[in-house]
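A note on names: the letters A, B, ... follow the listed sequences, proteins ahead of strands, and every chain is numbered from 1. Treat the numbers as computed from the prediction; the structure is a model and nothing was measured.
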Number of protein chains: 2
Amino acid sequence: MSDLEQISLELEARGYRVTPSRRAVIAAILARKNHFAADELAKRCRGAGRATVFRTIRLLSDLGVVCRVLMDDGSPRYLVSRSGHHHHLVCTECGTVQDLDQCAVSGALREIADASGYEIEGHWLELYGRCAACRARTAVLA
Amino acid sequence: MSDLEQISLELEARGYRVTPSRRAVIAAILARKNHFAADELAKRCRGAGRATVFRTIRLLSDLGVVCRVLMDDGSPRYLVSRSGHHHHLVCTECGTVQDLDQCAVSGALREIADASGYEIEGHWLELYGRCAACRARTAVLA
DNA sequence: GCCGAGTTGATACTAGGTCTCAACTGAGAC
DNA sequence: GTCTCAGTTGAGACCTAGTATCAACTCGGC
């Protein structure tokens with residue numbers, strides 16, 4: 001079963017209609033190799049209007065199919081990503097985004113909660129750096 | 001020496017002029033007990049135009065006098081805060097923001113760098129939860 | 001007083017996104 | 001088959017959070 005079909009089934013299972021517009025947006029998202037801006041997707045996606053593209057991205061985001069990444073300049077991007085709690089490693093040179101399997105702060109949260117008296121409900125973490133490929137490229141040039 | 005004077009001296013030391021507009025913005029910021037939106041400050045601050053308010057906030061942000069916090073709904077707020085690397089603990093109930101002394105992830109970063117091959121240059125972390133006061137309030141009501 | 005750099009505020013513009021609303025669609029009831 | 005009605009759509013207005021532009025102003029130094 002293709003990703004598109006799988007997502008369509010997921011949508012139907014939740015009571016959403018799988019319309020041609022939604023299919024077009026999902027197909028456009030799946031065709032992306034890396035992250036994308038919502039507006040850029042709206043411009044390229046001929047099969048759906050801007051509002052529909054934004055709505056569909058939000059829908060897929062709720063479903064856990066795509067997630068939002070904040071780039072180091074603060075601009076938001078979207079990414080086909082696994083669902084559940086995870087963080088991202090963003091390469092500041094080539095822009096690729098890598099999922100992080102472990103949650104880096106889960107251990108520290110308890111300590112912070114104890115020290116501050118807060119009941120911590122959520123957190124947001126993005127990591128920025130240079131990926132292995134970019135580092136290798138610079139090393140060769142140097 | 002008042003905070004306003006101290007910030008003014010800091011500005012002068014860096015070669016910036018301390019103009020009435022800047023004083024007005026700084027005074028408005030210092031009058032805030034907690035975080036504020038830049039636009040809201042611009043509306044209330046009669047002594048300076050919108051562009052100047054945004055420019056001054058950026059200037060103070062560069063100086064480390066204020067810092068930007070991303071609330072749990074994604075909206076940006078500013079906060080008079082200590083300079084240097086630190087994170088924030090945002091209460092989702094009353095909105096107060098607390099500085100975190102320790103960087104919760106510094107330890108985990110090395111591990112992630114090793115595992116991923118990334119050279120980690122920076123990170124962004126915000127924590128959301130309910131502060132001690134809000135928890136106490138709910139506990140009394142229950 | 002003059003000069004020039006720094007600063008200002010009005011305004012236009014941008015990005016990223018939501019809201020509104022009339023029109024359309026399609027699944028189920030009859 | 002067609003009626004109905006909730007879900008969906010797209011155009012466009014609108015919103016928030018800023019940045020860019022530019023003529024006018026300010027102020028320190030000569």
**Item:** Short side-chain N/O contact to C:dG26 OP1/OP2 from A:Thr19, under 4.0 Å
**Value:** no
**Asked** Nearest-Å distance, CG (A:Leu70) to P (C:dG16)?
**Response** 11 Å
**Asked** What's the CZ-P distance between A:Arg46 and D:dT9, to the nearest Å?
**Response** 16 Å
**Message:** Output the rounded distance in Å from CD1 (B:Ile57) to C1' (D:dT16).
**Reply:** 14 Å
**Request:** Apply the test side chain to side chain contact (heavy atoms under 4.5 Å, CB included) to residues A:Leu70 and B:Leu70: give CA-CA distance (whole Å), side-chain angles for both, the deciding distance (0.1 Å), then the verdict.
**Result:** CA-CA 11 Å; A:Leu70 223 49; B:Leu70 223 49; 3.5 Å; yes
**Request:** Describe the nucleic acid contact of A:Gly74 in one word from base, sugar-phosphate, nothing, applying a heavy-atom distance below 4.0 Å.
**Result:** nothing
**Shortest non-hydrogen contact from B:Cys131 toward B:Cys91** = N-SG, 3.3 Å
**Contact check, side chains of A:Tyr118 and A:Ile112, non-hydrogen atoms, under 4.5 Å** = no
**Request:** Mind calculating the distance between CZ (A:Arg14) and P (D:dT8) to the nearest angstrom?
**Result:** 14 Å
**Prompt:** Salt bridge check: are B:Arg14 and B:Asp62 linked by an N-O gap of less than 4.0 Å?
**Reply:** no
**Message:** In this structure, how many angstroms lie between the C1' atom of C:dG16 and the CG atom of A:Asp73, rounded?
**Reply:** 13 Å
**Request:** State, with a plain yes or no, whether a side-chain heavy atom of A:Val66 is found less than 4.5 Å away from one of A:Leu79.
**Result:** no
**Request:** Please report, rounded to the nearest Å, how far the P atom of C:dG26 is from the CG atom of A:Leu11.
**Result:** 16 Å
**Message:** Expected output is a numbered-order residue list: members of residues 21-33 of chain B with a heavy atom under 4.0 Å from any atom of DNA chain C. What is it?
**Reply:** B:Ser21, B:Arg22
**Asked** Could B:Arg77 and B:Glu40 be called an ion pair, given the rule that one side-chain N must be under 4.0 Å from one carboxylate O?
**Response** no
**Message:** In this structure, how many angstroms lie between the P atom of C:dT14 and the NZ atom of A:Lys43, rounded?
**Reply:** 10 Å
**Request:** Measure the angle between the two terminal helix axes of the helix from C:dG1-D:dC30 to C:dC30-D:dG1, five base pairs each, and quote it to 10°.
**Result:** 0°
**Parallel, tilted or perpendicular, as decided by the 30° and 60° cut-offs, for the rings of B:His87 and B:His123** = tilted
**Item:** Closest contact, heavy atoms only, B:Glu126 versus B:Arg68
**Value:** OE2-O, 4.2 Å
**Item:** Note, A:Tyr128 side chain near B:Trp124 side chain (heavy atom, < 4.5 Å)
**Value:** yes
**Asked** Side chains of A:Arg55 and A:Thr52: does their closest heavy-atom pair fall under 4.5 Å?
**Response** yes
**Short side-chain to backbone donor-acceptor contact, A:Ser75 and A:Met71, under 3.5 Å** = no
**Item:** Reading 5' to 3' through nucleotides 18-30 of chain D, protein heavy-atom contacts under 4.0 Å coded B for base, S for sugar-phosphate only, - for none
**Value:** BBBB----BB---
